[in-house]
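Comments concern the structure below.
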Amino acid sequence: MEIIKNASLKALNTFGVNASTQYYAEIHNLDDIQALLEWKAQHDLPVLLLGGGSNLLFKNNFDGLVAKICLAGKERIEEDDNFTYVSAAGGENWHKFVRWTISQGYAGLENLSLIPGTVGAAPIQNIGAYGVELADHFHSLQAVNLENGDVLEFDKAHCQFAYRDSFFKRYGLDKLLITSVTFALPRHPQWKIDYAGVRDALEGKQPNAERISNAIIKLRQHKLPDPEVIGNAGSFFKNPILSPEKWQALREKYPELPGYQQADGRIKTSAAWLIHHCGLKGYRKGDAGVSEKHALVLVNYGNATGKELCSISQEIIAAISDKYEIFLEPEPRIVV
Ligand SMILES: Cc1cc2nc3c(=O)[nH]c(=O)nc-3n(C[C@H](O)[C@H](O)[C@H](O)COP(=O)(O)OP(=O)(O)OC[C@H]3O[C@@H](n4cnc5c(N)ncnc54)[C@H](O)[C@@H]3O)c2cc1C
């Protein structure tokens with residue numbers, strides 16, 4: 001494991017924030033993981049596990065070691081009557097993995113096409129889009145405990161997946177390095193196309209995994225700002241989940257407020273709608289702003305710092321709280 005001192009993180013986070021780290025290393029194999037464990041034991045400094053940097057905001061420079069997970073490899077493991085089991089290493093690019101499953105004739109992950117980042121980060125916030133979450137097709141994962149080197153296996157129940165949440169967030173980030181994830185992909189899939197324009201984007205064609213993936217790629221490219229063009233981390237806030245009483249009260253005042261019934265009886269509403277109707281879509285302060293394309297996405301117009309992006313997020317949280325008495329929660333990890 002080669003360790004680089006005083007490395008720039010600008011190209012390693014999709015916000016394009018110009019932060020740096022005291023130490024930087026890449027984890028390509030088991031020897032590198034062993035070396036990381038040894039480094040950790042010898043240094044009283046934090047380690048941050050980095051995938052594609054698409055769900056992180058560096059508020060400051062990082063005083064520790066950033067370890068970028070580059071573990072590679074993917075394979076079909078086995079098949080039974082109902083599922084094909086496929087596994088991918090933590091450093092594999094998520095979207096390329098999804099397209100690979102489709103090219104092999106496996107279905108299930110198509111609605112999660114074009115989400116940036118790595119396979120290893122995907123379970124952390126139980127990534128989701130267009131009516132599907134990672135948890136829907138998750139089987140198990142392997143992780144190394146960076147406190148003691150133990151190799152652990154987590155099944156679905158142990159991961160405690162919830163909306164943009166999992167056991168890994170609650171247990172403590174950077175304690176478990178996810179080395180590989182296994183999916184159970186249905187051999188008799190039920191297509192999810194009645195969500196946010198997917199059916200229309202299919203233009204009357206019979207659904208299959210590849211067509212749905214292509215339709216979703218098109219929808220996402222149209223809707224979301226491309227981090228290659230303008231720095232961002234996708235949705236910056238989680239959609240708030242409200243009690244039925246709170247929802248009723250708001251709905252009387254704002255009849256257009258969208259709501260999606262949850263299994264537990266609560267109602268998920270749209271953070272983008274709240275921000276938009278607070279007049280903040282397109283709001284800009286220096287190089288930090290709210291995207292003109294999508295009210296839920298904070299953008300870096302060029303040289304915004306992590307502190308400036310955090311400050312604009314605080315302004316939004318305050319405005320939403322004043323107007324609707326709802327407290328928005330950031331979705332990306334803010335590294336302080
Ligand atoms: C344009 C855009 C669109 C997006 N759309 C969506 C969307 O539709 N749905 C959605 O859910 N998300 C979306 N995201 C957010 C993001 O893509 C996902 O959260 C993704 O899973 C993050 O992957 P990453 O590899 O970039 O993780 P990073 O940002 O590098 O890390 C995220 C967290 O995971 C931890 N981590 C990373 N790798 C590992 C590992 N191997 N082991 C243990 N911990 C690890 C990090 O420490 C950090 O806490 C979007 C982001 C962008 C920029």
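Read the numbers this way: they start at 1 and go in the same order the structure lists the ligands and their atoms.
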Where is the nearest protein heavy atom to [atom]: which residue, which atom, and how far?
| atom | value |
| --- | --- |
| atom 37 (C) of ligand 1 | A121 CB, 3.5 Å |
| atom 31 (O) of ligand 1 | L56 CG, 4.0 Å |
| atom 46 (C) of ligand 1 | L49 O, 3.0 Å |
| atom 24 (P) of ligand 1 | G52 N, 3.3 Å |
| atom 48 (C) of ligand 1 | R333 NH1, 3.7 Å |
| atom 32 (C) of ligand 1 | N55 CB, 4.0 Å |

Who's closest to [atom] heavy-atom-wise, of [options]?
| atom | options | value |
| --- | --- | --- |
| atom 41 (N) of ligand 1 | N13, I178, L224 | I178 |
| atom 13 (C) of ligand 1 | I127, T118, I115, L177 | I115 |
| atom 43 (C) of ligand 1 | D226, V181, V297, L176 | L176 |
| atom 45 (C) of ligand 1 | L12, V144, I124, I216 | I124 |
| atom 20 (C) of ligand 1 | G90, A122, P116 | P116 |
| atom 5 (N) of ligand 1 | R220, H95, K169 | R220 |
| atom 15 (C) of ligand 1 | G51, S54, G234, G53 | S54 |

Worksheet item: Side chain, backbone, both or neither: which part of I69 has a heavy atom under 4.0 Å from ligand 1?
Response: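 Only the side chain of I69 comes within reach of ligand 1.
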Worksheet entry | Whether Y130 and Y195 hold their rings parallel, tilted or perpendicular, with breakpoints at 30° and 60° |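 Y130 and Y195: perpendicular rings.
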Worksheet item: Mind checking whether F154 and H158 have parallel, tilted or perpendicular rings, split at 30° and 60°?
Response: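 Rings of F154 and H158: perpendicular, over 60°.
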Of all the atoms in ligand 1, which lie at a distance below 4.0 Å from a heavy atom belonging to [X]?
| X | value |
| --- | --- |
| D174 | 47 (O) |
| R164 | 11 (O) |
| N232 | 1 (C), 53 (C) |
| A233 | 51 (C), 52 (C), 53 (C) |
| L173 | 49 (O) |
| G117 | 23 (O), 24 (P), 25 (O), 26 (O) |
| G128 | 7 (C), 8 (O), 9 (N), 10 (C), 11 (O) |
| A129 | 8 (O) |

Worksheet item: Does one hydrophobic cluster hold both I334 and I317, with members joined at side-chain heavy-atom distances below 4.5 Å?
Response: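 Same cluster.
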Worksheet item: How about L30 and T179: do any of their side-chain heavy atoms sit closer than 4.5 Å?
Response: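 In short, these two side chains do not touch, never coming nearer than 4.5 Å.
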Does [X] use its side chain to pair, donor to acceptor, with the backbone of [Y] at less than 3.5 Å?
| X | Y | answer |
| --- | --- | --- |
| W94 | S113 | no |
| T21 | Y24 | no |
| N13 | G53 | no |
| R284 | G286 | yes |

Worksheet item: What residues join Y85 in its hydrophobic cluster, counting side-chain heavy atom gaps under 4.5 Å, either direct or through other members?
Response: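 Its cluster mates, by chain and number, are I77, F83.
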Fill in: Passing option when I212 is tested against I102, N111, V132 for side-chain contact (heavy atoms from CB on, under 4.5 Å)
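The passing option is N111.
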Have [X] and [Y] got a donor and an acceptor in their side chains that come within less than 3.5 Å?
| X | Y | result |
| --- | --- | --- |
| S213 | R99 | yes |
| Q104 | R76 | no |
| S87 | E75 | no |

Worksheet item: At what distance, to the nearest 0.5 angstrom, does CZ of F168 lie from NZ of K175?
Response: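 If we round to the nearest 0.5 Å, F168:CZ and K175:NZ are 13.0 Å apart.
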Practice prompt. Ignoring angles and geometry beyond distance, decide whether Q125 reaches within less than 3.5 Å of ligand 1 through its nitrogen or oxygen atoms.
Written response: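 Yes, there is a polar N/O contact under 3.5 Å.
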Worksheet item: Is the shortest distance from a heavy atom of L48 to ligand 1 less than 4.0 Å?
Response: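 No, L48 has no heavy atoms under 4.0 Å from ligand 1.
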